[in-house]
Novice: 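If you scroll down you'll find the structure; I have some questions about it.
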Amino acid sequence: MEKPLKLLLAQHGLNLKKAYGQNFLTDENLLADIVEKAGVTQNDTVLEIGCGAGALTRVLATSAKKVVGYEIDQRLKPLLKETVGEFSNVEIVFGDIMKQKIAEVENKLGGEYVMVANLPYYITTPIIMQFIENAKNIKAMVIMVQEEVAYRLSAKASTSDYGAITVAINLRGKAEVVLRVPRDKFTPPPNVDSAVVKIEIEKDKFSGVDFSVVRDIVRCGFQSRRKMLVNNLMNVYKLSRADAEKWLIDSGVETTVRAENLTAEDYIRLSEYLLKKSIKK
Ligand code: SAM
């Protein structure tokens, strides 16, 4: 950025809002690193969520074909005009990304795109779930999250970090931690360190699967993650132990498993059995 962030904010009479998770990045090397890890090229359209003062937006603008950014804080309009106004390939929409329909966001993007976002921590999970479940044209999500969340998103089965969100990601692609970012890289510094996670979406991974059924089973399993899955299935689907055990055995998993022991593929087999046997909640 041409001007230091503090000067820019002072000139526009702005103070940063904690409620919007406004912890901004200024380190040009780090910003370039994030865009490089995102693998953004001149052929790519980028969806940026939370443009802030536009530091990441500027780097994206020079690397991508087009950038569509969403920013909730209307006060940043004049500042963003100053920092990214010179780029004809940047369009900023002022509004809450959580209130937009994904289909409308995707219309604006006009085809395949990569999401790059230094997200406010309070919307990390809902944003990931919304896009994982509903986005049609997304190629990858490259998102800055709290470090502990990064480990959850990219966890392996049978670890304590593995959860419903990990399975949801694995149903459409895979997540990897690509960069660790210490808290002092932000202005103001948050209370925790962060990491950038890249979620690659694999086109047509598990095509033909009824994801709503899979999600129901995943939710059922993780609602009491300490319990064996067989007990959760018995409760939620009103089954006898024998029937719930048969469901597991015929799906190729052991009767003693907990939700965290199963991969996305295991959950898909469980969902296929449910559909075949017309099991209802
Ligand atoms: N991209 C900038 C950077 O890296 O320096 C800012 C990142 S800051 C962590 C998050 C940004 O997201 C803030 O500018 C905040 O105002 C914006 N934001 C927060 N909630 C939002 C929402 N629901 N929709 C769109 N933007 C949001």
Side-chain angles (χ1 to χ4, degrees), residues 1-9 12 14-38 40 46-64 67-84 87 90-102 104-105 108-109 114-131 135 141-147 149-150 178-198:
M1 207 108 78
E2 259 120 59
K3 278 184 202 165
L5 178 63
K6 287 207 168 110
L7 176 62
L8 204 52
L9 292 171
H12 287 273
L14 290 171
N15 56 327
L16 295 181
K17 266 197 182 177
K18 211 174 170 178
Y20 286 154
Q22 292 182 337
N23 303 95
F24 290 175
L25 294 173
T26 52
D27 183 326
E28 295 290 339
N29 291 330
L30 171 61
L31 292 161
D33 226 7
I34 295 172
V35 176
E36 202 235 292
K37 296 281 196 249
V40 169
V46 173
L47 165 65
E48 187 191 359
I49 300 176
C51 300
L56 184 56
T57 323
R58 284 173 64 89
V59 185
L60 289 168
T62 55
S63 313
V67 182
V68 177
Y70 281 80
E71 173 52 60
I72 197 170
D73 190 352
Q74 302 272 351
R75 302 175 311 149
L76 292 168
K77 226 180 223 180
L79 187 153
L80 277 166
K81 194 161 184 231
E82 178 178 338
T83 55
V84 300
F87 297 102
V90 173
E91 181 189 349
I92 296 186
V93 182
F94 286 89
D96 182 346
I97 187 69
M98 298 302 296
K99 298 203 172 127
Q100 315 288 322
K101 291 207 168 66
I102 294 212
E104 282 164 24
V105 175
K108 214 174 239 315
L109 290 155
V114 176
M115 177 200 287
V116 181
N118 175 9
L119 289 178
Y121 296 139
Y122 67 98
I123 56 170
T124 306
T125 305
I127 287 280
I128 295 173
M129 289 308 284
Q130 274 288 338
F131 278 82
M141 301 171 77
V142 180
I143 43 179
M144 174 90 74
V145 298
Q146 285 174 268
E147 199 173 24
V149 175
V178 290
L179 208 60
R180 290 192 171 72
V181 183
R183 64 194 84 181
D184 63 9
K185 292 284 180 190
F186 296 85
T187 307
N191 295 328
V192 289
D193 294 326
S194 293
V196 177
V197 175
K198 184 171 188 179

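Whatever order the structure lists ligands and atoms in, that order sets their numbers, starting from 1. From a predicted model like this one, the values you see are computed outputs, not experimental measurements.
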Novice: Would Val105 and Ile97 count as a side-chain contact (heavy atoms from CB on, under 4.5 Å) if you check the C-alpha gap in whole Å, the side-chain angles of each, and the deciding distance to 0.1 Å?
Specialist: CA-CA 9 Å; Val105 175; Ile97 187 69; 4.3 Å; yes

Novice: Report every pair formed by an N or O atom of ligand 1 and a protein N or O atom separated by less than 3.5 Å, giving atom names and the distance to 0.1 Å.
Specialist:
{"from": "ligand 1", "atom 1": "1 (N)", "to": "Glu48", "atom 2": "OE2", "distance (Å)": "3.3"}
{"from": "ligand 1", "atom 1": "1 (N)", "to": "Gly50", "atom 2": "O", "distance (Å)": "2.8"}
{"from": "ligand 1", "atom 1": "4 (O)", "to": "Asn118", "atom 2": "ND2", "distance (Å)": "2.8"}
{"from": "ligand 1", "atom 1": "5 (O)", "to": "Leu25", "atom 2": "N", "distance (Å)": "2.8"}
{"from": "ligand 1", "atom 1": "14 (O)", "to": "Gly52", "atom 2": "N", "distance (Å)": "3.3"}
{"from": "ligand 1", "atom 1": "14 (O)", "to": "Glu71", "atom 2": "OE1", "distance (Å)": "2.8"}
{"from": "ligand 1", "atom 1": "16 (O)", "to": "Gln22", "atom 2": "NE2", "distance (Å)": "3.0"}
{"from": "ligand 1", "atom 1": "16 (O)", "to": "Glu71", "atom 2": "OE2", "distance (Å)": "2.6"}
{"from": "ligand 1", "atom 1": "20 (N)", "to": "Tyr122", "atom 2": "OH", "distance (Å)": "2.9"}
{"from": "ligand 1", "atom 1": "23 (N)", "to": "Asp96", "atom 2": "OD1", "distance (Å)": "2.7"}
{"from": "ligand 1", "atom 1": "24 (N)", "to": "Ile97", "atom 2": "N", "distance (Å)": "3.0"}
{"from": "ligand 1", "atom 1": "26 (N)", "to": "Ile72", "atom 2": "N", "distance (Å)": "3.2"}

Novice: Would you give the length of the straight line joining atom CG of Leu80 to atom CZ of Arg58, rounded to the nearest 0.5 angstrom?
Specialist: 11.0 Å

Novice: Would Phe94 and Ile72 count as a side-chain contact (heavy atoms from CB on, under 4.5 Å) here? Give the steps.
Specialist: CA-CA 6 Å; Phe94 286 89; Ile72 197 170; over 6 Å; no

Novice: Stepwise, does the side-chain contact (heavy atoms from CB on, under 4.5 Å) test hold for Asp27 with Asp33?
Specialist: CA-CA 10 Å; Asp27 183 326; Asp33 226 7; over 6 Å; no

Novice: For the side chain of Arg75 and the backbone of Asn15, is there at least one donor-acceptor N/O pair under 3.5 Å apart?
Specialist: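 Checked: pair present.
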
Novice: In residues 189-196, what donor-acceptor pairs under 3.5 Å come from side-chain atoms, sequence neighbours left out?
Specialist:
{"from": "Asp193", "atom 1": "OD1", "to": "Arg183", "atom 2": "N", "distance (Å)": "2.9"}
{"from": "Asp193", "atom 1": "OD1", "to": "Arg183", "atom 2": "NE", "distance (Å)": "3.0"}
{"from": "Ser194", "atom 1": "OG", "to": "Tyr121", "atom 2": "OH", "distance (Å)": "2.3"}

